[in-house]
2 protein chains.
Amino acid sequence: MAYRQTDKVSARLAATRRGILDAARALVAEGGFAAAQVSEVARRAGIATGTIYRYFSSKEELCRQIFREVSAQEMDRLALIAASDAPARARLVEVLQTFAGRAVLGRRLAYALLAEPVDANLAEERAFFRRTHAEIFARILEDGIASGELPETNVKIAAACIAGAISTALIGPLAPQSHELDENPDRVVDEIVAFCLAGVGAGLPERKAGKIERRAKA
Amino acid sequence: MAYRQTDKVSARLAATRRGILDAARALVAEGGFAAAQVSEVARRAGIATGTIYRYFSSKEELCRQIFREVSAQEMDRLALIAASDAPARARLVEVLQTFAGRAVLGRRLAYALLAEPVDANLAEERAFFRRTHAEIFARILEDGIASGELPETNVKIAAACIAGAISTALIGPLAPQSHELDENPDRVVDEIVAFCLAGVGAGLPERKAGKIERRAKA
DNA sequence: CCAGCCCATGAACCATGGTTCATTCTTTGT
DNA sequence: ACAAAGAATGAACCATGGTTCATGGGCTGG
């Protein structure tokens, strides 16, 4: 028995791993997954290219990790709202505003997560992310229908429509010119949320401009 | 003077060009742009790889061409409906049903056009395609608002929401399991259209199951 | 302080898939 | 039939970017 990992070492290893993840995440937030090339991530993390492969078996796995970390963070936030005991309609409004609002604030990262061209394997991860979103929406819709706040609908389809409407309207190629978003993000968000609420028969929301969580995704 | 292109030759050249486009288009419709590799297109068109470059300066240009051809065809169809003198609400219903219905029938191709990961240059072309869609929607919405059929809204945003909701719900990663779409496409389309109509305050559409144009996109 | 192992290094390697180009085949006009 | 010019060929080429691996340096336990 000649070697056993000491605490100091495993701490350093953990730090390196974090460093890699942070570097990659920062790159994704700046230029999308396309910008997160292995050699670039290594440079940014201050290590050699090959070292990455001591921590992640492939670039794909690294990217998946990023995907999971970021999306888990976002999902938790939404899940928390969804789980409150407010009426369904109010929860729906808040979830939509939070989702849309945070996407606006961290637009580049949101684009990477929701829409950037990525290869098939990463797309799986994205699909999972989106599906989870949609499930949160769907569950609230179900509650609302059960309580009579909302009319009957196919909640799965409605949830997918909501997810699509928000993503596309905010960050897709159809997004309003960025200056419009920069100048008046709350207004754009409110419009989109209003569309979605009306889509599920929840009428107009009380406008609560300025209530978006300010910290950017990242 | 020793050579001048004769009619027979230029006809053959034109035929080859078409052959390339058709082969590429078929490949895209089967497996998306990813499947349309230059060598594969050539094989399918029954010519040598290099020959492609006598007709298109690059793969990108070839793909752009495909994009334009297919989308022009779809756009024309929608534009025709949009230009009719029916009331705005009716035109909206028909445009949405047509768009969604045709996307279902040519799902693979629709996916390639609307959602498949493609590189940045092709994405431009896609952006144009989407913007044109959105403009058609937006114009109808404006008409509807002007005539009092629809409540005031930001038509640009609403149009983007519509485009996003339809694409995502039908063919994106949130699309219902294919068997559901295969079994009962009209029902799914109707749900989505209903969501969009409600989103712009147009209430429920008269359901017209089975009215979708049957010919697949292609 | 030495043997043995782990960890880091980064230049070389490799796979993919678009692009080129020397060569060959066809067409044209005399 | 022949020369000039265009068209077609497809194997070689190249760029990109992920992955590997022989090497050297640092830890660990005795």
Side-chain angles (χ1 to χ4, degrees), chain A residues 1-21 23-24 27-28 31-67 116-123, chain B residues 1-21 23-24 27-28 31-67 116-123:
Chain A
M1 193 232 287
Y3 184 97
R4 200 169 23 117
Q5 202 168 73
T6 207
D7 282 358
K8 203 179 75 175
V9 170
S10 62
R12 179 167 56 77
L13 294 194
T16 301
R17 191 187 160 87
R18 257 272 51 87
I20 295 171
L21 285 168
L27 285 167
V28 171
F33 285 102
Q37 295 166 209
V38 177
S39 57
E40 195 52 28
V41 172
R43 220 184 47 70
R44 184 108 159 200
I47 59 178
T49 310
T51 304
I52 301 269
Y53 288 83
R54 297 191 58 77
Y55 294 84
F56 300 91
S57 67
S58 67
K59 178 189 167 157
E60 185 199 318
E61 200 203 304
L62 171 57
C63 288
R64 274 178 189 262
Q65 216 53 245
I66 301 293
F67 228 109
E116 182 187 355
V118 295
D119 76 334
N121 301 320
L122 256 193
Chain B
M1 191 235 287
Y3 185 96
R4 201 168 22 116
Q5 202 169 71
T6 206
D7 281 358
K8 202 180 73 176
V9 170
S10 61
R12 179 168 55 76
L13 294 194
T16 301
R17 191 187 159 86
R18 258 272 50 87
I20 294 171
L21 284 167
L27 285 167
V28 171
F33 285 101
Q37 295 165 210
V38 177
S39 56
E40 194 52 28
V41 172
R43 219 184 48 69
R44 183 108 160 202
I47 59 177
T49 311
T51 304
I52 301 269
Y53 288 84
R54 296 191 59 75
Y55 294 84
F56 301 90
S57 68
S58 66
K59 178 188 166 158
E60 187 199 315
E61 198 201 305
L62 171 57
C63 288
R64 274 178 189 264
Q65 215 54 246
I66 301 294
F67 228 109
E116 181 187 355
V118 296
D119 75 333
N121 302 320
L122 257 193

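Proteins come first, then strands; the chains are lettered A, B, ... in the order of their sequence lines, and each starts at number 1. Treat the numbers as computed from the prediction; the structure is a model and nothing was measured.
- For the pair Phe56(A) CZ and dG17(D) P, the computed distance is 21 Å after rounding to whole Å.
- Within the structure, a side-chain polar atom (N or O) of Tyr55(B) is placed less than 4.0 Å from OP1 or OP2 of dA8(D).
- Remark: Arg54(B) engages no residue in a side-chain hydrogen bond (donor to acceptor under 3.5 Å, both in side chains) (not counting sequence neighbours).
- Using a 4.0 Å cut-off, no side-chain N or O of Thr49(A) falls inside it from OP1 or OP2 of dG10(C).
- When each of dT9(D), dC7(C), dT19(C) is scored by its nearest atom to the side-chain atoms of Tyr53(B), the top-ranked nucleotide is dT19(C).
- Annotation: of the two residues near DNA chain D, Ala34(A) and Gly50(A), the 5′-most nearest-nucleotide partner is Ala34(A).
- dC7(C) atom C1' lies 8 Å from atom CG of Leu13(A), rounded to whole Å.
- Ion pairing of Glu40(A) with Arg44(A) is absent here, as no side-chain N (NZ or NE/NH1/NH2) approaches a carboxylate O to less than 4.0 Å.
- With rounding to the nearest 0.5 angstrom, the CG atom of Leu62(B) is 8.0 Å from the NZ atom of Lys59(B).
- Rounded to whole Å, atom P of dT19(C) lies 10 Å from atom CD of Glu61(B).
- Taking atom CG on Asn121(B) and atom P on dG18(C), their separation rounds to 14 Å, with Å as the unit.
- As rounded to whole Å, 14 Å separates atom P of dT20(C) from atom CD1 of Ile52(B).
- To the nearest 0.5 Å, atom CG of residue Asp119(A) and atom CZ of residue Phe33(A) are 10.5 Å apart.
- Of the candidate nucleotides dG6(D), dT20(C), dT9(C), dT9(C) has the atom nearest to the side chain of Ala48(A).
- Between Arg12(B) and dA8(D) there is a side-chain polar atom (N or O) within less than 4.0 angstrom of OP1 or OP2.
- Counting non-hydrogen atoms under 4.0 angstrom, Ser58(A) reaches the backbone sugars and phosphates but no base.
- Summarising the geometry, the separation between NZ on Lys59(B) and P on dG18(C) is reported as 4 Å, rounded to the nearest angstrom.
- Taking atom CG of Asp119(A) as the reference point, atom C1' of dA15(C) lies 14 Å away to the nearest angstrom.
- Atom pair Arg54(A):CZ and dC7(C):P shows a separation of 5 Å (rounding to whole Å applied).
- Residues Leu122(B) and Cys63(B) approach most closely at CD1-CB, 3.6 Å, considering heavy atoms.
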